[in-house]
S.K.: 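Let me begin by handing over the structure; questions about it come next.
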Amino acid sequence: EKGISLPPVEIFPGSPFYAVKRLREQKEIKKAKLPQQKIDAYLGLALKHYSEVRSMVILGRPTSDIVVSIEGIKSGFKKINAILDEERYLLYDYSVRRRVTAYANFIRKNFRSHMLNQEFLRDYRDVSPQIIDILWEIQQVSQRFAMLESYPNETAFYLESNTLLSGSN
């Protein structure tokens, strides 16, 4: 979580330019060729969408706009789950595990704090189910790495090295 900072938000859902922003995001994902690059792209987009949510809450934007960004986060974590299903060797890649876990924990911690904030719940009660969906998707991703959490980093690196050397997925 250290070193994770939220990117600035310039265009919000509801803006006529938001569609262009989403097209640019899709182009960014298509540029990623390797599974690790795709995961990084989805993590970056999840952070951008969380930054949108946070900014919109501060500005008192409509719930419908907030839901758009929340759905972007949920979709990203679903896609990360799908990549990890297909490319199981990534579960043993310490750098992937570290990045996914850090971003997931950052977003989870912040959404949990929203869910505990009475003012947020009063003003944005309608988004609570979507936030619970995000927390569920993050939990699914985190559980994939839970087995390795009991190993020291050196053991995970050893497993990763052996997986790469043997060429098995």
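All values below come from the heavy atoms of this structure, side chains included, with hydrogens, waters and symmetry mates left out.
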S.K.: Whether the side chain of Ser51 engages the backbone of Leu47 through a donor-acceptor N/O pair (distance < 3.5 Å, no angle test) should be reported.
M.R.: no
S.K.: Roughly how far, to the nearest 0.5 Å, is CG of Leu84 from CZ of Arg97?
M.R.: 12.5 Å
S.K.: Is the count of non-hydrogen atoms from other residues, nucleotides or ligands lying under 6.0 Å from Arg61 atom CZ greater than 12?
M.R.: yes
S.K.: Checking the side chain of Ser113 only, and the main-chain atoms of Asn110 only, is there a donor and an acceptor separated by less than 3.5 Å?
M.R.: yes
S.K.: For Leu45 and His49: C-alpha separation, side-chain torsions, deciding distance, then whether side chain to side chain contact (heavy atoms under 4.5 Å, CB included) applies.
M.R.: CA-CA 6 Å; Leu45 291 176; His49 290 293; 4.2 Å; yes
S.K.: What residue among Trp136, Phe120, Tyr124 forms side-chain contact (heavy atoms from CB on, under 4.5 Å) with Ile131?
M.R.: Phe120
S.K.: Could you check whether any side-chain N or O of Glu87 sits under 3.5 Å from a backbone N or O of Ile83, counting only pairs where one atom can act as donor and the other as acceptor?
M.R.: no
S.K.: Which pair of heavy atoms, one from Arg22 and one from Gly72, lies closest together, and at what distance?
M.R.: NH2-CA, 4.2 Å
S.K.: Report yes if the side chains of Phe106 and Leu43 come closer than 4.5 Å at any heavy-atom pair, otherwise no.
M.R.: no
S.K.: Could you tell me whether the side chain of Ser95 reaches within less than 4.5 Å of the side chain of Arg98, counting heavy atoms only?
M.R.: yes
S.K.: Inspect the surroundings of CZ in Arg125 and state if more than 12 heavy atoms from other residues, nucleotides or ligands are less than 6.0 Å away.
M.R.: no
S.K.: With side chain to side chain contact (heavy atoms under 4.5 Å, CB included) as the test, would you mind laying out the steps for Val68 and Glu52 before giving the verdict?
M.R.: CA-CA 10 Å; Val68 170; Glu52 290 173 359; over 6 Å; no
S.K.: OH/Tyr18 to CZ/Phe12 distance, rounded to the nearest 0.5 angstrom?
M.R.: 10.0 Å
S.K.: Got a second to check how far Ile39's CD1 is from Tyr103's OH, nearest 0.5 Å?
M.R.: 13.0 Å
S.K.: For the residue pair Met56 and Ser69, establish whether any side-chain heavy-atom pair is separated by less than 4.5 Å.
M.R.: yes
S.K.: Hey, could you give me the CG/CG distance between Asp85 and Leu90, rounded to the nearest 0.5 Å?
M.R.: 11.5 Å
S.K.: Heavy atoms only: give me the nearest Ile73-Ala46 pair and the separation to one decimal.
M.R.: CG1-O, 3.7 Å
S.K.: Once you round to the nearest 0.5 Å, how far does CD1 of Ile70 lie from CD1 of Ile134?
M.R.: 5.0 Å
S.K.: Should Lys31 and Glu28 count as an ion pair when the cut-off is N to O under 4.0 Å?
M.R.: no
S.K.: Would you kindly confirm whether Leu59 and Ile66 end up in one hydrophobic cluster when ILVMFWY residues are joined by side chain heavy atoms under 4.5 Å apart?
M.R.: yes
S.K.: Which atoms form the tightest heavy-atom contact between Ser128 and Leu121, and what is the distance?
M.R.: OG-CD2, 3.6 Å
S.K.: Using only atom types and a distance under 3.5 Å, with no angle test, would you say the side chain of Arg112 pairs donor to acceptor with the backbone of Leu135?
M.R.: no
S.K.: Taking atom CD1 of Ile138 and atom OG1 of Thr101, what is their separation to the nearest 0.5 Å?
M.R.: 11.0 Å
S.K.: Would you check, one step at a time, whether the test side chain to side chain contact (heavy atoms under 4.5 Å, CB included) holds for Arg108 with Gln139?
M.R.: CA-CA 9 Å; Arg108 177 184 9 221; Gln139 180 64 25; 3.1 Å; yes
S.K.: Would you please classify the geometry between the Tyr50 ring and the Phe111 ring as parallel, tilted or perpendicular, with 30° and 60° separating the classes?
M.R.: perpendicular
S.K.: Is there a chain of hydrophobic side chains (I, L, V, M, F, W, Y, each step under 4.5 Å between heavy atoms) that links Val20 to Ile29?
M.R.: no
S.K.: Does Val67 belong to the same Ile/Leu/Val/Met/Phe/Trp/Tyr cluster as Ile107, with side-chain heavy atoms less than 4.5 Å apart forming each link?
M.R.: yes
S.K.: Has the side chain of Lys21 got a donor or acceptor atom that lies under 3.5 Å from a matching backbone atom of Ile11?
M.R.: yes
S.K.: Could you walk me through whether Arg88 and Arg144 pass side chain to side chain contact (heavy atoms under 4.5 Å, CB included), step by step?
M.R.: CA-CA 10 Å; Arg88 300 199 54 80; Arg144 295 178 179 284; 3.9 Å; yes
